[in-house]
Amino acid sequence: MNRFMKLMPCSGRIAFLLVTTDRLAAQTLDQQAADYLMRNDRLNAVIIVLLIIFAALIILLIRQEIKIRQLQKKINDNHE
Amino acid sequence: MNVFGWKIGGALLIAYTLVAGFIVPVPQLPILGESIRNLFFHVPMWFGMTVLLLLSALNSVRQLATGKLQHDALAAAQVRIALWYGAAGLLTGMVWARTTWGTWWVNDPKLLGAAAGILFYVAYLVLRGAMDDPDRRARVAAVANIIFFCMFIPTIFIIPRLTDSLHPGSGGNPAFNVYDLDNRMRWVFYPAVVGWILLGVWLAALSARLQLIDQAATFSQSNNEKKQPA
């Protein structure tokens with residue numbers, strides 16, 4: 001550590017501290033935010049909303065699939 | 001109902017990744033932080049796009065071999081869905097770039113290659129839409145599609161590896177799976193890739209079938225008009 005302090009000038013030390021503390025703080029904040037969301041069941045609400053929207057889209061697709069099948073069957077019957 | 005199996009399976013895989021993608025523990029890496037979860041949503045878009053474009057090129061080969069118009073309709077539908085995936089991939093990538101690189105867009109070979117690749121296929125759809133005769137349109141579009149696929153792969157996967165690039169997996173910059181994609185993330189990432197590919201194939205099949213029904217309806221309408229004297 002002493003060798004590190006000798007090798008690095010004062011301005012370098014300040015810059016190093018600024019960069020590392022900023023990154024560490026950002027990571028800690030990220031983790032805190034994630035922990036907060038998980039702890040308070042807030043994230044569950046987001047996931048449920050996403051699933052509801054996705055389920056609605058899939059139901060819409062299945063309805064389209066059934067309608068297209070019926071149309072194709074009608075066209076085939078007309079050809080025969 | 002058994003025909004629905006793989007379609008519902010794909011939807012369930014995506015639903016699983018929507019849940020697990022948010023709650024699975026991820027490695028806390030410098031700069032990336034929680035944004036590494038984007039891997040579950042951004043990368044499957046590009047995988048899905050590439051697989052759909054490969055299927056589309058194969059359908060174009062089948063069209064040239066058999067002359068059947070249904071292969072052309074399927075190839076065009078797969079390109080359309082692939083373009084939606086590409087747009088989603090670009091947008092999700094831009095959001096991720098803003099978080100990690102500090103800017104929405106950089107003129108990086110990988111990003112420019114992706115944009116150019118998307119433009120190739122926009123040109124394919126414009127070219128295909130410019131012709132009225134279905135047989136001629138199918139043949140010309142099939143040849144263009146095969147050429148564009150041969151250009152797309154080097155543009156998006158090979159050229160960015162030959163030069164310096166910020167994007168992971170390019171220019172000597174390691175892809176995620178070398179250091180960061182731990183086994184917990186693999187349990188979400190691979191189902192996400194398979195799920196989005198299956199959904200894309202389903203959407204493209206629906207789009208192609210609608211187009212064929214539309215063609216059949218137009219054909220029968222014109223036949224009826226010919227039969228009825230003016």
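Chain identifiers are assigned alphabetically (A, B, ...) following the order of the sequence lines, protein sequences preceding nucleic acid strands; residue numbering begins at 1 within each chain. Just the heavy atoms: all of them, side chains too, but no hydrogens, waters or symmetry mates, feed the values below.
- Atom CD1 of B:Ile8 sits about 3.5 Å away from atom CD1 of A:Ile62, to the nearest 0.5 Å.
- The neighbour count for B:Trp187 CH2, taken as heavy atoms of other residues, nucleotides or ligands under 6.0 Å away, does not exceed 12.
- Nearest heavy atom pair, residue A:Ile58 against residue B:Ala11, reads CD1-CB, 3.6 Å.
- In this structure, CZ in A:Phe54 is found 4.0 Å from CD1 in B:Ile14, a value given to the nearest 0.5 Å.
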Check your understanding: For A:Leu61 and B:Leu199, what are the C-alpha separation, side-chain angles and deciding distance, and is it a side chain to side chain contact (heavy atoms under 4.5 Å, CB included)?
Key -> CA-CA 10 Å; A:Leu61 272 179; B:Leu199 186 71; 4.0 Å; yes
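- Proximity to chain A involves both the backbone and the side chain of B:Ala15, based on heavy atoms less than 4.5 angstrom apart.
- The CG atom of B:Leu206 sits 12.5 Å away from atom NZ of A:Lys67, with the distance rounded to the nearest 0.5 Å.
- Applying a 4.5 Å heavy-atom cutoff, none of the residues of residues 62-85 of chain B approach chain A.
- Atom CG of B:Asp133 has more than 12 heavy atoms from other residues, nucleotides or ligands within 6.0 Å.
- Between the CD1 atom in B:Ile213 and the NZ atom in A:Lys74 there is a gap of 10.5 Å [rounded to 0.5 Å].
- Heavy atoms closer than 4.5 Å to chain B are found in both the backbone and the side chain of A:Ile68.
- A pairwise comparison of heavy atoms in A:Leu43 and B:Phe22 identifies CD2-O, 3.7 Å as the closest pair.
- Taking CZ of A:Arg69 as the start and CZ of B:Arg209 as the end, the distance is 6.0 Å to the nearest 0.5 Å.
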